[in-house]
2 protein chains.
Amino acid sequence: LIQGSNSQRCSTFKTTAATVDLDSETFVRADQVCEWRSPEQLKELLDLELRDGGESESKILQRCRDAIRYSVKTTHPHFFNQLYAGMEPYSLVASFIVEALKPSLYTYEVAPVFTLMEDAVLRKMIEMIGWEEGGDGIFNAGGSMSNMYAVNLARYHHFPDIKEAGLSAVPRLVMFTSQECHYSISKAAALMGIGTKNVRSFLFRASFEQRPCCVYFDVCNTIKRNSLCVCVQGAVPFMVNATAGTTVLGAFDPIQEIADICEKYNLWLHVDACWGGAALMSNKHQHLLKGIHRANSVAWNPHKMLMACLQCSAFLVRDKTNLLQRCHSSSASYLFQQDKFYDVSYDTGDKSVQCSRKPDAFKFWLMWKALGTGELEERVDRALATARYLAEEIKRREGFRLVMEPEYANVCFWYSPPSLRNLPDGPELWKKLHTVAPVVKERMMKKGSMMVGYQPHRDKANFFRMIVISPQASRLDMDFVLDEIHNLGKDL
Amino acid sequence: LIQGSNSQRCSTFKTTAATVDLDSETFVRADQVCEWRSPEQLKELLDLELRDGGESESKILQRCRDAIRYSVKTTHPHFFNQLYAGMEPYSLVASFIVEALKPSLYTYEVAPVFTLMEDAVLRKMIEMIGWEEGGDGIFNAGGSMSNMYAVNLARYHHFPDIKEAGLSAVPRLVMFTSQECHYSISKAAALMGIGTKNVRSFLFRASFEQRPCCVYFDVCNTIKRNSLCVCVQGAVPFMVNATAGTTVLGAFDPIQEIADICEKYNLWLHVDACWGGAALMSNKHQHLLKGIHRANSVAWNPHKMLMACLQCSAFLVRDKTNLLQRCHSSSASYLFQQDKFYDVSYDTGDKSVQCSRKPDAFKFWLMWKALGTGELEERVDRALATARYLAEEIKRREGFRLVMEPEYANVCFWYSPPSLRNLPDGPELWKKLHTVAPVVKERMMKKGSMMVGYQPHRDKANFFRMIVISPQASRLDMDFVLDEIHNLGKDL
């Protein structure tokens with residue numbers, strides 16, 4: 001199960017519960033990333049029905065083998081399909097321990113170790129962000145939830161009455177975000193009763209060219225006057241979401257400029273660094289997030305480039321006045337008794353909108369402890385160097401074309417089969433090019449040789465999006481991907 | 001790590017990734033449930049700081065041992081502190097597979113096996129609820145999120161414009177719930193902009209006595225006229241939350257009567273059966289949820305009494321018009337391309353407000369497959385019989401007194417040390433009794449002999465709440481708990 005690990009120092013790691021043999025390269029590069037079956041085929045293969053009687057151990061073992069066999073090997077070195085990949089063995093060990101111990105984080109009494117570890121990891125992440133006076137935070141079930149927390153905290157900060165009285169007690173609220181933001185921002189607005197129409201998008205930077213940012217003028221054109229209480233077409237702005245590492249293009253919004261505007265207009269600044277936060281580990285690349293210390297809140301997922309096991313998502317907030325708890329608390333008497341025999345400030349559960357919550361921070365803590373910040377930094381640098389190599393290779397090779405110069409680990413490009421290479425640039429070409437990526441994708445899935453995503457994006461025809469994550473991706477793998485795309489698509 | 005398993009048939013279970021030895025009773029009843037350390041002591045013991053350099057394998061192994069040692073053993077047979085306990089080995093195997101495969105549920109392409117398994121489990125749960133025409137659903141990161149989904153779907157069902165336009169486009173909304181409901185209902189109202197004041201509590205039944213329900217009259221007194229659009233003090237009611245198995249008392253709201261009201265007034269009926277849903281597995285006890293087939297949505301956590309690993313929480317909805325997807329979708333182009341080569345109705349990710357989502361259904365599917373519905377039914381029956389035994393024992397023993405006759409697996413009771421037994425019933429006695437449980441709790445934690453929760457509740461002084469979960473709890477364990485409470489508290 002465990003593959004793609006380049007770690008020499010963690011060759012065989014035993015815990016009480018599990019023996020994880022990292023030497024047995026069960027999956028090597030030549031193995032399939034997936035063994036594609038259509039939903040109909042797979043239903044027949046799996047016998048999904050649940051019955052009155054149980055099954056024998058040997059049958060159940062076969063079910064486990066089947067589940068593994070037909071699952072996508074997201075830890076295979078040729079899986080480049082999502083913003084996560086690869087396997088960090090120390091994190092997996094932590095995951096196994098968590099699963100076997102079955103803890104839930106709400107009170108110190110039930111999860112003493114993991115409560116303290118979460119606190120330690122949050123404090124270290126806060127230090128990396130540069131909040132010198134500290135802050136607060138919580139690990140969530142994913143970055144979407146962290147972004148939702150940001151919207152709720154921003155709203156509560158400006159209008160604490162909403163918690164009790166609801167939105168009907170305040171004017172219509174609007175929030176700002178970069179056009180390239182993750183879709184969880186609009187999902188949060190929908191869920192939280194703000195409404196997706198009240199999320200105003202700005203082109204924080206021209207996404208496909210390296211033009212200087214234009215956010216300042218855009219926001220100023222909309223926010224007419226110098227106060228939060230002044231309305232945008234009758235509504236009140238309360239926050240700006242900036243994205244550090246956008247999902248498709250891996251672009252970084254200019255945090256400094258956005259922070260200037262937020263300070264001027266008293267808007268909460270949230271930085272969605274779920275994907276780009278890893279660059280904070282690197283002296284070479286942390287400039288991408290320059291100004292992040294001015295944010296009011298940050299979302300940062302160590303399960304992405306830093307390779308902690310899924311899920312490992314931190315929400316961090318600069319506030320030191322217990323805003324997180326005040327915003328979310330409901331003081332359930334059966335959990336948060338005030339007459340306990342220990343300091344109940346260690347009962348952190350009321351900071352969350354969840355009740356049971358997994359101790360995901362431990363999956364990051366253990367690997368960080370084992371590898372040290374230095375090794376994490378090296379990995380980020382290596383991934384970004386590999387992505388840079390891929391971009392140069394794309395520029396060098398006939399039939400490949402970059403969508404934009406990559407800033408980060410997303411390398412977006414078109415592939416033109418020979419039949420299209422002599423067509424003049426125009427709607428006809430782009431229409432044809434649009435159909436290439438889906439066919440190449442179908443073929444790679446059915447062959448199982450690799451997984452690379454594609455998508456259309458705004459006015460752009462379907463293009464491939466390679467996500468390069470350290471440490472499992474090498475330059476040879478980059479060559480392989482380009483060769484393979486050509487092999488799969490050259491007849492189109 | 002794995003303990004408290006009475007399963008004979010799954011004595012040693014090997015997967016590719018892990019060998020789980022269930023015979024080695026690493027923890028037996030005589031072992032400590034926890035080795036209590038104060039936050040300050042534990043911080044010193046754990047060396048939580050994260051540094052630039054990494055640590056040796058042997059040091060990391062010691063860190064794992066420490067994490068395990070000082071964690072609460074929630075799978076110990078004397079852990080009765082929360083609404084989950086014990087370890088189902090088949091579910092743990094599934095958890096390990098999930099952790100090692102690192103899947104995320106949004107598209108069929110990335111998680112083919114787990115997408116189909118989730119569907120199979122949801123369909124079976126829908127069958128158990130009794131929705132003969134089927135339904136829809138999704139597994140979430142906990143029951144709080146499921147309840148939140150219910151509120152959002154109810155709201156969207158009545159006012160689809162809210163998704164885009166927000167709450168400012170509609171009148172103030174109110175929702176109804178039983179007084180004893182889980183705190184996630186008010187958390188949802190706060191997060192979703194409805195406001196906690198717009199959650200109206202009703203005493204669906206007299207909680208401490210077995211009086212007939214009075215919900216009908218209560219709701220009718222508030223909802224003045226026969227239509228949803230008629231207001232409660234200028235606001236519009238849109239849903240009722242009924243609880244099947246309340247958190248503290250394990251009480252069941254009368255679903256039939258509530259469904260009558262909801263049908264009459266066109267209100268969405270949600271049943272929070274996170275805890276009580278397990279009774280649907282039992283022919284003997286499913287009457288507790290009579291009428292649940294009339295609900296519009298149900299939350300049901302197999303990680304509670306059915307002992308699937310944390311977390312395993314289903315949200316189920318009777319709707320067949322894709323309401324779940326329409327309510328939550330944002331159609332991200334990089335995930336939900338419409339020109340894929342397979343049937344994209346299997347891409348279920350847009351039903352969720354999360355992006356990455358763990359395939360928690362597999363943890364339930366594998367154990368259900370192994371045990372069969374029959375064994376799950378037996379376990380529920382056994383747990384409720386054990387809880388009944390405990391209640392009778394409490395009535396029999398001097399110094400113990402039930403808070404109410406248990407309907408389910410929550411057994412709530414006071415313990416009076418001999419010094420209080422001759423005091424007359426009155427404020428003085430209750431004031432003293434209120435201080436007993438916290439001291440007994442402190443002593444049991446420091447001794448590590450067991451974990452049982454306590455809380456005050458409305459006008460009631462602190463009482464113990466025992467949660468009895470099959471199959472690890474025996475009658476001997478019940479005797480142990482009562483003896484131990486007496487031993488720990490008799491000098492007070």
Side-chain angles (χ1 to χ4, degrees), chain A residues 1 16-18 39 48 50 52-54 60 64 67 70-72 74 95 99-102 110 113 120 124 141-142 144 163-168 172 183 186-187 190-198 248 310 330 332-334 339 341 346 353-356 368 370-374 438 442 455, chain B residues 1 15-18 39 48 50 52-54 60 67 70-72 74 95 99-102 110 113 120 124 141-142 144 163-168 172 183 186-187 190-198 248 310 330 332-334 339 341 346 353-356 368 370-374 438 442 455:
Chain A
L1 280 175
T16 318
L48 294 159
L50 299 162
D52 286 347
I60 293 297
C64 293
Y70 297 111
S71 284
V72 169
T74 67
S95 290
E99 292 305 312
L101 281 174
K102 224 178 163 177
V110 177
V113 171
K124 190 71 181 176
S144 295
K163 184 177 176 182
E164 279 192 15
L167 282 168
S168 61
R172 182 164 58 89
Y183 69 94
S186 66
K187 286 208 175 191
L191 182 74
M192 293 171 61
I194 291 167
T196 54
K197 273 191 184 160
N198 295 312
V248 175
L310 283 170
S330 82
S333 66
Y334 74 99
D339 52 5
F341 66 98
Y346 287 94
V353 296
Q354 298 181 267
C355 181
S356 298
W368 198 336
L371 302 169
T373 315
E442 176 175 359
Q455 65 279 299
Chain B
L1 279 175
T15 71
T16 319
L48 294 159
L50 299 161
D52 286 347
I60 293 298
Y70 297 111
S71 284
V72 169
T74 67
S95 290
E99 292 306 313
L101 281 174
K102 224 177 162 179
V110 177
V113 171
K124 190 71 182 177
S144 294
K163 183 176 176 183
E164 279 192 15
L167 283 168
S168 61
R172 182 164 58 89
Y183 69 94
S186 67
K187 286 208 175 191
L191 182 73
M192 294 172 60
I194 292 166
T196 54
K197 273 190 185 164
N198 295 312
V248 175
L310 283 171
S330 82
S333 66
Y334 75 98
D339 52 5
F341 65 98
Y346 287 95
V353 297
Q354 296 181 268
C355 182
S356 299
W368 199 336
L371 302 170
T373 314
E442 175 175 359
Q455 65 279 299

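Numbered from 1 within each chain, the chains take letters A, B, ... in sequence-line order. FYI, side chains are in, hydrogens and waters are out, and symmetry mates aren't considered; it's all heavy atoms of this structure.
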Can you tell which of A:Gly142, A:Gly195, A:Ser95 has the highest number of heavy-atom pairs within less than 4.5 Å of chain B? A:Gly195
Got a second to check how far A:Leu101's CG is from B:Leu310's CG, nearest 0.5 Å? 11.5 Å
A:Val248, part contacting chain B, at a heavy-atom distance under 4.5 Å: side chain
Per-residue contact mode, B:Val353 against chain A (heavy atom under 4.5 angstrom): both
Given a strict heavy-atom distance threshold of 4.5 Å, which part of A:Lys102 is in contact with chain B: side chain, backbone, both, or neither? both
For A:Gln354 against B:Tyr183, the heavy-atom pair lying closest together: O-OH, 4.1 Å
I'd like to know if the side chain of A:Ser333 reaches the main chain of B:Gln455, judged simply by a donor and an acceptor atom lying under 3.5 Å from each other, with no hydrogens or angles considered. no
Which region of B:Lys197, side chain (C-beta onward) or backbone (N, CA, C, O), has a non-hydrogen atom less than 4.5 Å from a non-hydrogen atom of chain A, or is it both or neither? both
Please find the pair of heavy atoms, one from A:Ser144 and one from B:Cys355, that lie closest to each other, and give the distance. OG-N, 3.3 Å
Which atom of B:Asn198 lies closest to which atom of A:Ala165, heavy atoms considered: ND2-O, 3.3 Å
Among A:Ala120, A:Gly193, A:Ala190, A:Ala141, who wins on heavy-atom pairs under 4.5 Å with chain B? A:Gly193
By a 4.5 Å heavy-atom criterion (distance strictly below it), what part of A:Tyr346 contacts chain B: side chain, backbone, both, or neither? side chain
Quick check for you: to the nearest 0.5 Å, what is the distance between B:Ser186 atom OG and A:Lys163 atom NZ? 8.0 Å
Which residue out of A:Gly374, A:Ala332, A:Ser356 racks up the most heavy-atom pairs below 4.5 Å with chain B? A:Ser356
Considering all heavy atoms of both residues, which atom of A:Pro438 and which atom of B:Asp339 are nearest to each other, and what is their separation? CG-OD2, 3.5 Å
Which portion of B:Tyr334 sits near chain A, non-hydrogen atoms under 4.5 angstrom: both
From CG (B:Leu371) to CG (A:Leu50), nearest 0.5 Å: 11.0 Å
Side-chain donor or acceptor of B:Ser168 paired with backbone N/O of A:Ile194 under 3.5 Å: no
